[in-house]
Amino acid sequence: LDLARRKNQALTDLELEAKEKSEHLLERAKQMRLEQEDEIKHLNEMILNAKCHAIRDAQILEKGQISKELVDEEKRLDTMMEVDRQSSIQVQEEIERQRKDE
């Protein structure tokens, strides 16, 4: 009877030790999974930041190109207006010359 009780107690001690080990392993696995999730979240955040920066850089570049195109268009219009002005002056001078000749 005493021998059977010792065997049961030994089994109980082994079972308790095995249970503690399995709980420890489960806790460690849970901790590792959480760390991986945090790492994945961090990586996703870094990817999202990189995308945002790329979009912002593209917008800044596009804004610069639009500004340059506007400046070029203003110059083109100024040139056209100047040519038109010069042409009008020549026409006026020609009209005045004809009046004087009459």
Rounded to the nearest 0.5 Å, what's the gap from [atom1] on [X] to [atom2] on [Y]? Could you check?
X	Y	atom1	atom2	value
Leu61	Asp57	CG	CG	8.5 Å
Asp72	Ser67	CG	OG	10.5 Å
Met81	Asp84	CE	CG	9.0 Å
Glu69	Arg76	CD	CZ	12.5 Å
His53	Ile60	NE2	CD1	10.5 Å
Leu43	Asp38	CG	CG	11.0 Å

Side-chain H-bond candidate by donor/acceptor type, Glu96 with Gln92, under 3.5 Å: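 No, because no side-chain N or O of Glu96 sits under 3.5 Å from a partner of the opposite role on Gln92.
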CD (Glu82) with more than 12 external heavy atoms under 6.0 Å: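 Counting other residues, nucleotides and ligands, CD of Glu82 exceeds 12 neighbours.
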Name of the residue among His24, Glu17, Glu23 meeting side-chain contact (heavy atoms from CB on, under 4.5 Å) with Lys21: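 That would be Glu17.
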